[in-house]
Amino acid sequence: MRSSVFLLCVMGISLTQIEFPTSDLVKQTCKRTPNYDLCVKTLLSDPRSSHADVAGLAMVMVDTIKAKTIATLHRISELLGTTRDPKTKAALRGCVELYDNAVLKADLPSAMEALKTGVPKFAEQGTNDAANEADSCERAFSGVSPITSFNRNVSDLCRVASAIIRLLL
Amino acid sequence: MADPNPARTFNDPEDPIIAATVPDHYSPLLDVDPPAGENSRRPLKGFLVILSGLLLVGLLMALIGKSGPSVSQKTDLTLNAPAESTNISAQFLEPVSRGPSAGVSEKSFRLHSGVRAPFPWSNTMLSWQRTGYHFQPEKNWMNDPNGPMFYGGWYHFFYQYNPDAAVWGNIVWGHAVSKDLIEWLHLPLAMVADHWYDTNGVWTGSATLLSDGQVIMLYTGATNESVQVQNLAYPADLSDPLLVDWVKYPGNPVLVPPPGIDDRDFRDPTTAWYGPDGKWRIAIGSKVNKTGISLVYDTEDFKKYELIEGVLHAVPGTGMWECVDLFPVSLKEDNGLDTSFNGPGVKHVLKASLDDDKNDYYAIGTYSLESGNWTPDNPNLDVGIGLRYDYGKFYASKTFYDQNKQRRILWGWIGETDGESADIKKGWASVQSIPRTVVFDKKTGTNILQWPVEEIKSLRKSCKKFDKLEVGPGSVVTLELEKATQMDITAEFEIDKEALKRIGESDMEYSCSTSGGSAQRGELGPFGLLLLADEGRCEQTPVYFYVAKGTDGQLKTFFCTDESRSSLANDVDKRIFGSTVPVIKGEKLSMRILVDHSIIESFAQGGRTCITSRVYPTKAIYGAAHLYLFNNATSANITASIQTWAMKSAYIRPYSSHAF
């Protein structure tokens, strides 16, 4: 008897310790983005999301885009070392400019600063433009793009971020 | 608190409460077999076992997680999939746009349009975009105009500036001076983010000139904790007419967000006006939920403030009010008025920049010093829901009283409408409008008139006149084959009287933004000018009038700018915008246009309706940019009288370094 009660208590406590997978704000926010699944998955993989407000969720998203941008640049760097085709190489170099100069050094810092200081309209510009840069990179490949999944990921994340930022306006 | 019956919430057909044992298809994490021999004598224990089982189920379900609803992708290509679709399939998610149907303006225009092939911008094309006579720093990002004033024989202009990049961020105050509002000398940065109370941004503010010669600068600082506060600064040396160095008041901030106002909804203090009891008054924009408001404070020394009860004004549904401006206009005289002026024969204009739709709205009304309120003449045209200063790209504008020439002058921030990557490539973003005088429109009584300052005429050269050109329906007339990239143009139009009599009623209300632009033909329009057009007219920016009889039988005149064919590039905004413009009986239709590379400022009926446009042609640049007159109406003949001037570039350079 006692062991059952004990078991009950343990499990009861365990349940309260688990953060149910979709906290209300994350759910509500992600419903208003073009990709609910990606939004939820991204936000929940960051511990900050559980106690963030909408601006905080947007910042988590921007940080994720930053990480994916860096990963994309790494991949491009690898490919530049191995690719022979001059057209692909040229496209890859173009993508470095887009991702490094525009997204990493300008768009994302601008978006983050705007979110931190409470002027979301400038943040929206930054994430919108980052999406455009990712799309531009993908279209630069006349044949098959070797980094479609990277470009697509960044682009999708940016669109989700823009949608979240829109909620702040 | 854990749900004792979690299984119920998952619509399980088999209710485990009814079953005596835990069903097979749940895989318990723990073995919960009760000790043998106790079952029959302990029903409570059996209940506990079942409860444990349910908790286990709950635990399991919580860990597995519930998958969200799948979002239907690729459904809503809500805008403008171009007819010439490429063979690139829509690989990427097109965001579901709430769009205009939900009362939300389509802001991220390019994000929602169809295929957007990146344009291979060449350095030649990009460097053409820089203006010849509009104010802009040598490089990097600029936004709001700040603290404009006339002091020490100089027009002073400050502005939001990013010293590090061509995108918004790291904001400080740039500074420039001029003798004529046209030629400018860049000075060192006036203020940087060097205190805790503005370390995250030295944001927008305004100047107040006191009668004892003091200069008060109030501005918003974003603190180290991103709270928006108001700070006081003043010139280090009033005997320096250039006011190069500035000092921040050691007791800053002088204002912090009051109770009930969010830390991030409190910015852009105005120029002060003289209030009752010898105090000064300022306004600061904010919001409460979705209602845009303006707070008012009294002060004697600009260091201590008292929040006045109530608000200057509020309009529900307009959202955050940025860059609030309140100023008097004379109903009888043509001169501007000092900000403190009040009395009979005066009305007050209240203006706000709406964060939500990035447009500047104004309304004419009455300001009472006693009540501290401002009331609109027409509540249907209240701030944020009525008239706009400008129907194109124009934001964060601010006026000042020019005591030198007794004018009220308006500055407006004109941002880029191309992609940020192009801005980063070309190394700069944003220009300011040519300063405009602002007066009350005595003829309509419901508008203000904006007009480029007279000093702009000093740039005019080589005038060309075209008198009473007859343009039949569906025709184009070449006006200028020389380099038509820096021009000042005035034009007057008359529609033939027969066509005006003939016109039938329309059951559709015309609107610039929902129309097909200059290509949509009506009986009495569109007609106007084609700017920055190449010879084949693949690229062209029409600025035109469109006259129609509304559903009420009244003739209405529309003034529009059509960017839809302004460039072959697809990664730039290409909107059609404008508004109706009141035309008084007997008035000819008139427009004035300032063309300056990638900016076109257009004024109808003496500045009753204004449209500023940013365009980025790829072909109609340098010597290939021409000017045409067109009439695309189906039945009306148009008589046009036009004057064009080529415009010299304005001298806008850093102040020579040896002075420092």
Side-chain angles (χ1 to χ4, degrees), chain A residues 1 3-5 7-8 11-16 18 20-22 27 30-31 33-37 40 55 97-98 101-102 105-107 109-110 113-114 116-122 124-126 128-140 148 151-152 155-156 159 162-163 166 169, chain B residues 1-3 6 30 32 34-35 38 42 44-45 48-49 51-52 55-56 58-59 62-63 65-71 73 88 91-96 104 107-108 110-111 116-118 165-170 200-201 222 226 228 262-265 319 355-356 358 419-421 424-425 571:
Chain A
M1 172 60 189
S3 56
S4 295
V5 174
L7 202 62
L8 209 65
M11 283 191 291
I13 291 164
S14 314
L15 275 171
T16 60
I18 291 170
F20 278 86
T22 45
K27 255 207 270 194
C30 289
K31 273 186 188 155
T33 71
N35 192 335
Y36 180 87
D37 289 344
V40 167
E97 204 185 296
L98 295 176
N101 285 352
K105 292 193 173 120
D107 292 335
S110 181
E113 185 179 337
K116 282 195 175 134
T117 54
V119 276
K121 65 169 172 279
F122 295 120
E124 193 187 26
Q125 265 180 23
N128 278 354
D129 201 70
N132 285 339
E133 311 302 11
D135 292 350
S136 292
C137 167
E138 184 64 11
R139 288 180 174 117
T148 298
N151 285 332
R152 184 177 187 159
S155 183
D156 289 349
R159 281 171 164 77
S162 291
R166 176 122 293 274
L169 293 169
Chain B
M1 168 140 170
D3 181 356
L30 295 171
V32 292
E38 290 184 359
R42 300 287 190 109
L44 179 64
K45 191 169 164 215
L48 286 172
V49 166
L51 195 58
S52 321
L55 284 170
L56 270 172
L59 198 72
L63 289 171
K66 183 182 170 193
S67 61
S70 60
V71 176
Q73 325 290 6
I88 301 170
Q91 292 175 314
F92 304 121
L93 300 172
E94 296 296 347
V96 177
V104 174
K107 284 197 216 184
S108 53
R110 273 169 286 121
L111 198 63
R116 286 172 321 278
V167 293
W168 182 90
N170 315 308
N200 273 323
S226 296
Q228 293 168 10
D262 194 278
D263 286 351
R264 288 156 184 209
D265 295 336
D355 201 12
D356 284 3
K358 298 184 193 146
E420 277 189 358
S421 68
I424 291 160
K425 237 186 184 170
D571 53 359

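Please read all numbers here as calculations on a predicted model, not as lab measurements.
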Contact between Glu113(A) and Phe122(A) at the side-chain level, heavy atoms closer than 4.5 Å - yes or no?
no

What part of Glu97(A) lies closer than 4.5 angstrom to a heavy atom of chain B: side chain, backbone, both or neither?
side chain

Closer than 3.5 angstrom, by distance alone: can the side chain of Glu138(A) be matched with the main-chain N or O of Arg152(A) as a donor-acceptor pair?
no

Check each atom of Ala163(A) against the heavy atoms of chain B and say whether the ones under 4.5 Å are side chain, backbone, both or neither.
neither

Chain A contact via Asp263(B) - side chain, backbone, both or neither, heavy atoms under 4.5 Å:
neither

Value for CG (Asp129(A)) from OG (Ser110(A)), rounded to nearest 0.5 Å, stands at 10.0 Å

Measuring heavy-atom distances to chain A, does Ala165(B) have an atom under 4.5 Å in its side chain, in its backbone, in both, or in neither?
neither

Could you grab the distance from atom NZ of Lys425(B) to atom CG of Leu98(A), nearest 0.5 Å is fine?
8.0 Å

